[in-house]
J.: 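Below is the structure I would like to discuss, written out as structure tokens.
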Amino acid sequence: MPPRSTSSETPVDHLTPDEARIEHERLGAEIREHDRRYYEEDAPSVSDAEYDALRKRYEALEDQFPELKTPESLTQKVGSKVSEKFGKIRHRVPMLSLANGFADEEVEEFVERIRRFLQWKADAPLAFTAEPKIDGLSLSLRYEGGRLVSAATRGDGAVGEDVTNNARTVGDIPHRLKGSSVPETLEVRGEVYLSHEDFAAINARQEAAGKALFANPRNAAAGSLRQLDSSITASRPLRFFAYAWGDVSEMPADTQHGMMECFRSFGLKVNPLTRRCTSVAEMLEHYHAIETDRANLGYDIDGVVYKVDDLNLQQRLGFVSRSPRWALAHKFPAQKAVTVLEGIEINVGRTGSLNPIARLKPVTVGGVVVSNATLHNEDYIKGIGGNGEKIRNGVDIRIGDTVIINRAGDVIPKVLDVVLEKRPADAKPYEFPTTCPACGSHAVREVNPRTGKEDAVRRCTGGLICPAQARERLKHFVSRNAFDIEGMGEQRIDEFYEEGLVQRPQDIFTLQARNARSLKRLENREGWGETSARNLFAAIEARRSIALNRLIFALGIPHVGETSARLLARHFGTFEHLRETAKAAADPASEAHAELTAIGGIGPVVAEAIVEFFKEQHNEEMLDALLAEVTVEAMEAPAAANSPVAGKTVVFTGSLEQMTREEAKAMAERLGAKVAGSVSKKTDIVVAGPGAGSKLAKAAELGLQVMDEDGWFALVGRK
DNA sequence: AACCCTCGAGGTCA
DNA sequence: CTCGAGGGTT
């Protein structure tokens, strides 16, 4: 639960200085917590009026007792946490990412997939748009009545940062759209970028001012848009191309290229290399033309985007997981570089995994200096792929080798290949350690009992006696989506662990009490002061109450990430219920075990991991100690999705005439329904087309709701 | 077999 | 923030 408003009615001038100090401190902590909820979780727990009241009283206290106006006060901090961050904006329509492809064949497959999905005849016309994929950062502009009212970055796709003031300084972004056909509300999406010329000029200025240079135009554009002082943004000549839209009150066109034309007529910039293509050959031709001309464009692009032109078809095609089925980003090959592998280091992960990392002679790839790269796992180094086949023709990777690296997706450095001719004569095959480099325990590759295959990762068997694992688990425990304890970063965990101050999760919550009795107090250490210690303790106190799903996630049970943690929290409701069931489930024949695996999304492997976790004596002790320190919040009821079929299980049977089966399924799922393949007593709705047989009969037998396609559309609307 | 989730990776900027 | 391997679920 969020801290309740504690603002008392006592007039400020009736308080003793001591009372004032205590209340001032309490209010400060409360305001900080509200700020955090508002800015970081986008989940304000008080109204604006209540918040303002808190701040007013906080300030009134300081007016009456000026000694409270310390440099740490929320009113005094220059660039305090509050103003340090951008507000958040929830996108009315999520900003999704695009499916990627590299090879020409993937474009063919993409078009094929779409034809299949639509049941389109081979000769039926199907048009696409093709446009350069600008390498910048995406931005969503909201226009109401033709006026720019807000601008948000992509963020995680659902919630972005409010950069309205900065967007207003971008020359290509009109404050007001022109023309009479501008929809009442229109969210324009596009890319903010910097031209090569402007990028060079900015870096020249940075250099003259003795400031750090930007690595590439994209980073410079991102840095410029995220300036808190919009006058700095204004001094950077950012540009903008529109290519998509979000929330729109009435669509001004029914094709993708029609929309682009509208954008242009509204006064927005649209990339001039956008073409309408009617065949794969034409799409590829345009791709290669753009690739050839890439260096002369004057701005960075990283590929070509194809989109189905007809918006009705886009609608029918819908989405696969997080990207539209109707679009493909055809990326240019990633830039490669050659360098020397100077060493291989092994990191031990939270789950005990031994992760090999390549230490490279620093080299520039695609504008950034790369000195590390992932080597994935033991087999990858040996030249064997996940399913046993050879990769790199079976060539292994050795220390001293000259290697070819790239940045996968232009981001993650990866060792692609070895230049065998340059292999030093004395280079020996790399021997992957069979003991943990952190604790010396055996490190083994477990055999999956069902497939009989060896796990790709080698794991330390040391469990909690392994300091590396213990530290990584602590880091996971305090991380953003778990307990989210501000001020407990990697460095501090390492430091605290080393000194024995915090070695188990529960130690975090007893730290303050132990510190008070300690001879070597935190606040007296080098690099520490009263403030840093106080802030840390305040951050810990703020987490004595925790949401159930966060707690489950924080435990770091293998295979249980955020999603599974939420599933478990929702199913069990309380931690005790989960714990009891998991313990009872140690018997595979038990009802508890059946309950666990019956949860959708929890299969045998995950269930086993959960059972194992709760079986461990030291975990038992940890949980008892932890639960004595923290309060677990009851699970909130899941927000009811506003769709008539949300949460229902639907079965489609017979032949569907107005949509393909896949389409029907995608549609039902989009509306929050589950789609099953067969009728059972768990089924809620059966949609039967002509020719339906046994499933329809069974549905009648069970007395389920049965409807035809028209009935389905009547129920959910035609979307 | 398709899709989804977990986990751990690197680099940049504020 | 983003990627990708591997493995789990359905």
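Here is how names work: the chains are called A, B, and so on, in the same order as the sequence lines, proteins then strands, and each is numbered from 1. These numbers come from the heavy atoms of this one structure, side chains and all, not from hydrogens, waters or symmetry mates.
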J.: What is the distance from CG of A:L137 to P of C:dC1, rounded to the nearest Å?
T.: 12 Å

J.: What's the closest nucleotide to the side chain of A:P413 if the choices are B:dC5, C:dT2, B:dG11?
T.: B:dG11

J.: From the list B:dC13, C:dT9, B:dC7, which nucleotide is the closest neighbour of the side chain of A:T351?
T.: B:dC7

J.: Between B:dG8 atom P and A:I346 atom CD1, what is the distance in whole Å?
T.: 14 Å

J.: To the nearest Å, give me how far apart CD (A:E109) and P (B:dA2) are.
T.: 11 Å

J.: Take A:F553 and A:H476, measure what ring pair (Phe, Tyr, Trp, His ring centres under 6.0 Å) needs, and give me the verdict at the end.
T.: CA-CA 9 Å; A:F553 174 66; A:H476 174 75; 4.6 Å; yes

J.: If you assign A:S353 and A:V370 each to the DNA chain B nucleotide with the nearest heavy atom, which residue ends up on the more 5' nucleotide?
T.: A:S353

J.: Of the nucleotides C:dG7, B:dG11, B:dA9, which has the atom closest to the A:A456 side chain?
T.: C:dG7

J.: What I want to find out is whether A:E378 reaches A:R445 closely enough, with some N-O distance under 4.0 Å, to be called a salt bridge.
T.: yes

J.: Would you say B:dA9 has OP1 or OP2 under 4.0 Å from some side-chain N or O of A:N355?
T.: yes

J.: Which nucleotide in the list B:dT6, B:dG10, C:dG4 gets nearest to the side chain of A:K414?
T.: C:dG4

J.: Among B:dA14, C:dC3, C:dG4, which nucleotide sits nearest the side chain of A:I412?
T.: C:dC3

J.: So what does A:I405 touch, heavy atoms closer than 4.0 Å: a base, only the sugar-phosphate, or nothing?
T.: nothing

J.: Measure from the side chain of A:V368, starting at C-beta and using heavy atoms only, and say which of C:dG6, B:dT12, C:dT9 lies closest.
T.: B:dT12

J.: What's the closest nucleotide to the A:N377 side chain, out of B:dA9, C:dT2, C:dG6?
T.: C:dG6

J.: Do A:R218 and A:F199 form a cation-pi contact, if we require the NZ or CZ to be under 6.0 Å from the six-membered ring centre and within 45 degrees of the ring's axis?
T.: no

J.: Whole angstroms only, please: what is the CG-C1' distance between A:N216 and C:dC1?
T.: 14 Å

J.: Could you spell out the base pairing of DNA chain B in dot-bracket, with Watson-Crick or G-U pairs whose two distances are under 3.5 Å, [ ] crossing and | to another strand?
T.: ||||||||||....

J.: Between OG of A:S138 and CZ of A:R189, what distance do you get to the nearest 0.5 Å?
T.: 9.0 Å

J.: Heavy atoms from C-beta onward define the side chain here; which of B:dT6, B:dC13, C:dT2 lies closest to that of A:F214?
T.: B:dC13

J.: Rounding to a whole Å, what distance do you find between A:E472:CD and B:dT6:C1'?
T.: 15 Å

J.: So, does A:N372 get its side chain near the phosphate of B:dA9, meaning an N or O under 4.0 Å from OP1 or OP2?
T.: no

J.: Is A:R459 salt-bridged to A:E446, cutoff N-O under 4.0 Å?
T.: no

J.: Check every atom of B:dG10, C:dT9, C:dG6 against the side chain of A:R359 and return the nucleotide holding the closest atom.
T.: B:dG10

J.: Between A:K336 and A:D417, does any side-chain N to carboxylate O distance fall below 4.0 Å?
T.: no

J.: May I ask you to say whether A:K382 pairs ionically with A:D396, meaning some side-chain N is under 4.0 Å from a carboxylate O?
T.: no

J.: When you measure from the side-chain N and O atoms of A:S371 to the phosphate of B:dG10, is any distance below 4.0 Å, counting only OP1 and OP2?
T.: no

J.: Roughly, in whole Å, what's the span from OH in A:Y380 to P in C:dA5?
T.: 8 Å

J.: Ignoring the backbone of A:Q227, work out which of B:dG11, C:dG8, B:dA14 is nearest its side chain.
T.: B:dA14

J.: Just the rounded figure in Å: distance from C1' of B:dT12 to CZ of A:R226.
T.: 11 Å

J.: In plain terms, say whether A:E342 and A:K361 are close enough for a salt bridge, that is, a side-chain N and a carboxylate O under 4.0 Å apart.
T.: no

J.: At under 4.0 Å, does any side-chain N or O of A:S564 touch on OP1 or OP2 of B:dT6?
T.: yes

J.: Would you say A:R350 reaches B:dC7's phosphate, i.e. side-chain N/O to OP1/OP2 under 4.0 Å?
T.: yes

J.: Between A:R90 and A:D162, is the closest basic N to carboxylate O distance under 4.0 Å?
T.: no

J.: Using whole Å, report how far CG of A:N406 lies from C1' of B:dG11.
T.: 15 Å

